[in-house]
Amino acid sequence: MAVEVRVLKETASGERRVAATPETVRKLLAAGAQVTVERGAGIGAGFVDQAYADAGARLDDGDARDAADLVLCVQPPPPADIARLKPGATLVGMLQPQADVARAEALQARSIQSFPLEKLPRTTRAQAMDVLSSQAGMAGYKAVLIAAQLAPRFFPMLTTAAGTIRPSKVLIVGAGVAGLQAIATARRLGAQVEGFDVRPETREQIESLGGKFLDLGVSAAGEGGYARQLTDEERAVQQQRLADHLKGIDVIVCTAAVPGRPAPKIISTAMAEGMKPGSVIVDLAAETGGNCELTRPGDTFDHGGVTIAGPLNLASLGAVHASEMYARNVLNFVSLFVRDGALQFDWDDELLAKTVWPERPSEAAPVTESPAAGAA
Ligand code: NAD
C-alpha cells in the first residue's frame with residue numbers, strides 16, 4: 001500500500017491558503033503517494049475540488065483522517081483535530097508547537113512526528129522549501145498596498161493641470177524578505193522610499209531596489225556579519241535621530257523581527273505622535289507584538305491624526321499566489337522523504353534533523369522507515 005497523504009482544509013479564522021495545489025498533488029502522485037484532499041480545502045485560494053480530482057486526488061470530508069501517514073497543512077490544526085490523526089503520522093506545516101501547550105500535548109499524545117516548517121534551516125539548499133520567505137514576500141507586498149489604501153495622498157509624483165503633487169515619503173523599517181518586497185512595491189507605486197535595518201549589508205540590497213538606506217549614524221555591525229547589541233547611549237542617539245526623521249515621513253511600513261522573540265519596539269508613542277497628521281503606520285510585525293508601541297494586532301485606528309494598522313495574516317490576503325508558493329515549498333520539503341511511494345527519513349540530512357519536532361536525540365540512528373515505508 002502506498003503512503004497516504006492528506007491535505008487538510010484549514011480551519012483557522014480568515015485563513016484562505018491551502019497546503020497543496022493540483023500541480024503539487026500531481027507531483028506527489030508521481031512520487032508514488034495516494035493523495036486525499038479534504039473537500040473545499042482549496043476554494044479560498046481558487047482551487048476547486050474538481051481540479052484536485054482531475055489531478056488524481058481523492059476527495060473526502062475529513063472523515064478518514066486517521067488513515068493518513070503524511071498530513072499537510074498551512075496553520076496548525078486545533079488539538080481536537082490532531083487527536084483524530086493516525087498515531088505516529090507525520091505532520092508538515094507552520095506548526096509552531098511551542099507556541100501553544102495544548103497543541104504540543106496533543107501532538108505528543110498522538111506521537112505525531114511534526115515538521116514545523118518555520119524551523120527549517122535557512123541554507124541555500126533549503127531556499128526552495130523556505131515558507132518564511134515565500135509568505136513574507138506576499139505579506140510585504142500587501143502591507144504596502146494597505147498603506148497606499150489608507151494614505152490620504154498619492155504615492156507617485158504627479159504633474160497635473162491642478163499643480164504638481166509631491167511623491168509620498170515611505171519608510172520601510174526592517175529590510176528582510178518582507179521589507180525588501182515592501183520597498184520594491186512602494187517603488188513600483190512611485191513613492192520616495194527609504195529602508196532601515198540594523199544589519200549593515202541591507203544597505204546594498206535596499207539601494208539595488210531603488211530605495212535609500214536610512215543611516216542614523218549608529219552602526220550595529222558586529223563580528224562575523226551579525227548585529228551587535230547597541231549601548232544605551234547609542235540607542236538614545238539612534239532613537240532621537242529617528243524621531244526627528246519621522247516628522248518628514250508620510251508612511252511607515254514596519255517589518256522588523258527577531259526570530260523566536262517578540263518584535264523589537266522601534267516606533268515609540270512619542271515618535272508616532274510627532275508625525276504629521278495624515279501619516280500612516282502599517283505594522284506587519286503586529287503578529288509578534290508590533291514594531292510600534294501603539295499597534296493593536298488586528299486593528300486599524302486613528303491616533304491623533306495618524307492612522308495605525310496592525311493587519312494579521314497578510315499572506316492569506318494573497319491566497320492564490322501564497323498557496324502556489326507554499327505548496328511548492330511543501331512539495332520540495334516532503335520530497336526529501338517521500339520516495340517510491342513510501343516515507344523514508346534520512347536523519348543525516350540536516351534539513352530533516354533540524355526541522356523535526358520533538359527534536360531527536362543526537363545519537364539517533366541514521367535512517368528509519370515509517371510503517372508505510374517499503375510497502376508501495
Ligand atoms: P526577519 O523577518 O526575522 O526580520 C526582518 C528584518 O528585521 C531583518 O532584516 C532584521 O535584520 C530586521 N531587524 C531586526 N531588528 C531590527 C531593529 N531593531 N531595527 C531594524 N531592523 C531590525 O528576517 P527574514 O526576512 O526572515 O530574513 C532575514 C535574513 O535571513 C536576511 O539576511 C535574509 O537574506 C536571510 N535569509 C536567508 C535565506 C537563505 O539563505 N536561504 C532565506 C531567507 C532569508
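Since we're looking at a predicted model, the values are computed, not measured. When a ligand or atom number is given, it counts from 1 through the structure's own listing order.
For ligand 1, the atoms closer than 4.0 angstrom to any heavy atom of Asp130 are 42 (C), 43 (C). Contact atoms of ligand 1 toward Thr255: 5 (C) (distance under 4.0 Å to a heavy atom of the residue). Numbered from 1 in the order shown, with element, the atoms of ligand 1 that lie under 4.0 Å from a heavy atom of Arg199 read 8 (C), 9 (O), 10 (C), 11 (O), 28 (C), 29 (C), 31 (C), 32 (O). Taking a cut-off of under 4.0 Å to the non-hydrogen atoms of Gln127, the atoms of ligand 1 that pass are 39 (C), 40 (O), 41 (N).
The nearest protein atom to atom 25 (O) of ligand 1, hydrogens excluded, is given as Val177 N, 2.7 Å; this is a heavy-atom distance. Counting only heavy atoms of the protein, atom 8 (C) of ligand 1 lies nearest to Asp197 OD2, 3.5 Å.
Heavy atoms of Ile266 found under 4.0 angstrom from ligand 1 belong exclusively to the side chain. For Ala256, heavy-atom contacts with ligand 1 shorter than 4.0 Å involve the backbone as well as the side chain. With a heavy-atom cut-off of 4.0 Å, Ala257 touches ligand 1 through backbone and side chain alike. With a 4.0 Å heavy-atom cut-off, ligand 1 is reached by no atom of Ala126.
Here's the thing with Ser133: none of its N/O atoms is less than 3.5 angstrom from an N/O atom of ligand 1.
There is no protein heavy atom closer than 4.0 angstrom to atom 33 (C) of ligand 1. Put simply, atom 11 (O) of ligand 1 has protein non-hydrogen atoms near it, under 4.0 Å away. Distance check on atom 16 (C) of ligand 1: some protein heavy atom falls below the 4.0 Å cut-off.
Side-chain contact between Pro76 and Asp100: absent, with no pair of heavy atoms (C-beta onward) separated by less than 4.5 Å.
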Worked check of salt bridge (Lys or Arg N to Asp or Glu O under 4.0 Å) between Lys86 and Asp66: CA-CA 4 Å; Lys86 182 199 255 185; Asp66 61 354; over 6 Å; no

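Checking each of Gln240, Glu234, Arg241, Arg235 against Val237 for a side chain to side chain contact (heavy atoms under 4.5 Å, CB included) leaves exactly one that passes, namely Arg241.
For the pair Val198 and ligand 1, a heavy-atom separation below 4.0 Å is found. Residue Ala136 places every heavy atom at 4.0 Å or more from ligand 1.
Of the charged side-chain nitrogens involved, at least one lies within less than 4.0 Å of a carboxylate oxygen, so that Arg328 and Glu23 count as a salt-bridged pair. Under a 4.0 Å N-O distance rule, the pair Arg203/Asp197 does not qualify as a salt bridge. One finds a salt bridge joining Glu38 and Arg65 here, because a Lys/Arg side-chain nitrogen approaches an Asp/Glu carboxylate oxygen to under 4.0 Å. A salt bridge links Asp60 and Arg6; the closest N-O separation between the charged side-chain nitrogens and carboxylate oxygens is under 4.0 Å. The residues Arg339 and Asp346 are annotated as not salt-bridged, no charged nitrogen and carboxylate oxygen being separated by less than 4.0 angstrom.
Counting only distance, with no hydrogens or angles, the side chain of Glu15 and the backbone of Arg17 share a donor-acceptor pair below 3.5 Å. Using modelled atom types, no side-chain atom of Ser168 and backbone atom of Asp250 make a donor-acceptor pair closer than 3.5 Å.
Taking each of Pro121, Ala263, Pro200, Gly176 in turn, the one with a heavy atom nearest to atom 6 (C) of ligand 1 proves to be Gly176. Nearest-residue assignment for atom 44 (C) of ligand 1 (options Glu118, Arg261, Arg125, Arg122; heavy-atom criterion): Arg122.
Surrounding CZ of Arg110 are more than 12 heavy atoms belonging to other residues, nucleotides or ligands, all under 6.0 Å away.
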